[in-house]
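Given the structure is predicted, the values throughout are model-derived calculations rather than measurements. Excluded from the calculations below are hydrogen atoms, water molecules and symmetry mates; all remaining heavy atoms, backbone and side chain alike, are included.
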Amino acid sequence: MSAQYNQWRAMFAIMKASLRAMFRSPSAVVFTLGFPLVFILVFGFIGTGSTTVPVGFTATSDTSSVLYKALQANPALKIIRNQSPVDMEADMRKGRVTAILDITTLTPLPLPKYKVTVRTSTAGVDKIHLFWSVFNVTTSRMDDRFYPRASIADVHTDTVPGRRYTTIDFILPGMLAFSLLSAAVFGTAFLFFSLRQTLVLKRFFATPIRRSYIVLGEGLSRMLFQLFGSIVIIGLGHFAFGFTLVHGFSTFLEMLVLCVFGLIIFMGFGFVISSLAKNESTIPPLANLITMPQFLLAGIFVNVDAFPAWLQPICRALPLTYLVDALRKVAFEGQHLWNVGLEIGVLTLWGIAVYAVAVKVFKWE
């Protein structure tokens, strides 16, 4: 009596063969590691410069004062609005807000005088010099107008401890998430289209292995390959450029869990494209329709809040935006997977929708 066919052994054989093929493919290795590493190296070496400085004001600040209006009108300052004092304080300690100002009017017009308390954090050390430059230029101009031999502002400072938020802390999660999206969409689409065209799937059907195990084997191989790339990217960022992992190894593991989750979601787009493509040349345009808008709008290089107000709802509807936000919150802010429930929930909804379409359109032959 012949032994029963082992579906799991067959699946792992497919996974092993596919994984070996990917490691032997120069294009796969370059696309998975080369593309994101170039950006990480560039932003790791160029430093932490910024053209605008985010600042907030306390609820008790005199927003009718000429000093407030002068600071508000300066394009080098980005005024934080509609944020609670607790959230603003937390963002200051994380480096997202450079300073929080409290402006108290001591004497009104025509010769105004103000007491200004400036709260800063060591997390914003990379931008605080620019803030003081802008602040001093603004007050100097007002001194020339009102007080040629004195100052319009009596300034007090208060610096609190915080983690330094660098460019690499912002860029690396974005590039990591985009590498997952690109590899999942392009890799899955080309893979299953090629398997159909070369009749490999048809040959699989001649064996006792079930279709679900074929998909699972190929999916696991891609997942392991991308996890290898993610480990290299995070490791290089941390050890070479000081990328922040707040809780060390546990944060690293939580980032890998998010990478796996995002990869599973994004592979659904690849399944859809592989079925819709009429020939191999139509795959890149279809894949770019999905990847390029997210590359530009998901907050990889610029925070979503920096986009025009009419564009922000579109940015916040993209799945990559939520994966990027979750990775940043876990890596720098020290949050855990259960603290990023919103991001995981939205990604789950995207996954349900995408795989529902994939089930309808997926072709085996």
Side-chain angles (χ1 to χ4, degrees), residues 48 50-63 68 71-72 74 76-104 116-128 130-131 134-135 156-167 169-171 173-174 177 244-247 251 254-255 258 297-318 321-347:
T48 59
S50 177
T51 56
T52 60
V53 181
V55 297
F57 290 87
T58 63
T60 58
S61 288
D62 185 357
T63 56
Y68 174 85
L71 292 171
Q72 183 186 38
N74 196 309
L77 299 181
K78 178 185 176 183
I79 308 301
I80 306 300
R81 308 176 190 274
N82 302 321
Q83 192 174 32
S84 69
V86 174
D87 290 340
M88 191 179 298
E89 178 76 14
D91 280 351
M92 182 192 68
R93 291 178 182 270
K94 296 169 186 172
R96 293 182 177 179
V97 174
T98 302
I100 300 176
L101 281 67
D102 181 77
I103 300 177
T104 302
V116 182
T117 301
V118 180
R119 281 177 56 79
T120 61
S121 165
T122 54
V125 67
D126 56 320
K127 296 179 182 177
I128 194 62
L130 181 55
F131 164 76
V134 173
F135 182 84
H156 301 265
T157 60
D158 180 20
T159 302
V160 299
R163 290 190 298 274
R164 186 182 180 189
Y165 190 63
T166 62
T167 300
D169 289 318
F170 183 83
I171 290 296
T244 302
L245 295 172
V246 176
H247 303 301
T251 298
E254 288 186 284
M255 289 186 71
L258 287 172
L297 301 177
I300 294 177
F301 299 108
V302 180
N303 198 296
V304 170
D305 293 334
F307 288 110
W310 62 268
L311 189 58
Q312 291 184 23
I314 299 175
C315 299
R316 298 190 187 282
L318 302 173
T321 301
Y322 292 91
L323 180 59
V324 172
D325 287 347
L327 288 170
R328 285 175 180 153
K329 288 179 179 179
V330 167
F332 185 78
E333 297 180 19
Q335 297 190 25
H336 299 285
L337 295 178
W338 52 87
N339 300 129
V340 291
L342 172 63
E343 289 78 6
I344 292 176
V346 174
L347 284 169

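Note that CD1 of I79 and OG1 of T63 are 11.5 Å apart. Values are rounded to the nearest 0.5 Å. Interatomic distance, F57 CZ to R81 CZ, rounded to the nearest 0.5 Å: 9.0 Å. With values rounded to the nearest 0.5 angstrom, D91 atom CG is found 8.5 Å from I100 atom CD1. How far CG of L327 is from OH of Y322: 15.0 Å, rounded to the nearest 0.5 Å. The structure places CG of L245 at 11.0 Å from CD of E254, a figure rounded to the nearest 0.5 Å. Separation of atoms OG1 (T244) and CZ (R328) is listed at 13.0 Å; rounding is to 0.5 Å.
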Point to revise | Worked verdict on T251 versus V330 for side-chain contact (heavy atoms from CB on, under 4.5 Å) | key: CA-CA 7 Å; T251 298; V330 167; 4.0 Å; yes
Exercise for review: Applying side-chain contact (heavy atoms from CB on, under 4.5 Å), run through K329 and N339 and close with a yes or a no.
Suggested key: CA-CA 9 Å; K329 288 179 179 179; N339 300 129; over 6 Å; no
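The minimum heavy-atom distance linking A177 with L323 is given by the pair CB-CD2, 3.8 Å. Pairing each heavy atom of D169 with each of P173, the nearest pair is O-CD, 3.3 Å. Closest approach of A331 to M255, counting heavy atoms only: CB-SD, 3.8 Å. Nearest heavy-atom pair, V324 versus G299, reported as atom, atom and distance to 0.1 Å: CG1-O, 4.2 Å. Listed here is the closest heavy atom pair of I80 and P54: CD1-CB, 4.0 Å.
Remark: the D102 side chain and the T117 side chain contain no N/O donor-acceptor pair separated by less than 3.5 Å.
Residues passing the salt bridge (charged side-chain N to carboxylate O under 4.0 Å, His left out) test with D158, sequence neighbours excluded: R119. Listed by chain and residue number, D154 satisfy the side-chain hydrogen bond (donor to acceptor under 3.5 Å, both in side chains) test with H156 (two or more places apart in sequence, or in another chain).
Note on ring orientation: taking the six-membered ring where Trp is involved, the planes of H247 and H336 are parallel (angle under 30°, cut-offs 30° and 60°).
T120 places none of its side-chain heavy atoms less than 4.5 Å from the side chain of T98. Annotation: side chain of V134 is not in contact with side chain of V53 (no heavy-atom distance under 4.5 Å). At least one side-chain heavy atom of F131 sits less than 4.5 Å from a side-chain heavy atom of L77. A 4.5 Å side-chain heavy-atom check between E343 and L258 finds every atom pair outside the cut-off. Under the 4.5 Å side-chain criterion, counting only non-hydrogen atoms from C-beta, F135 is in contact with L71.
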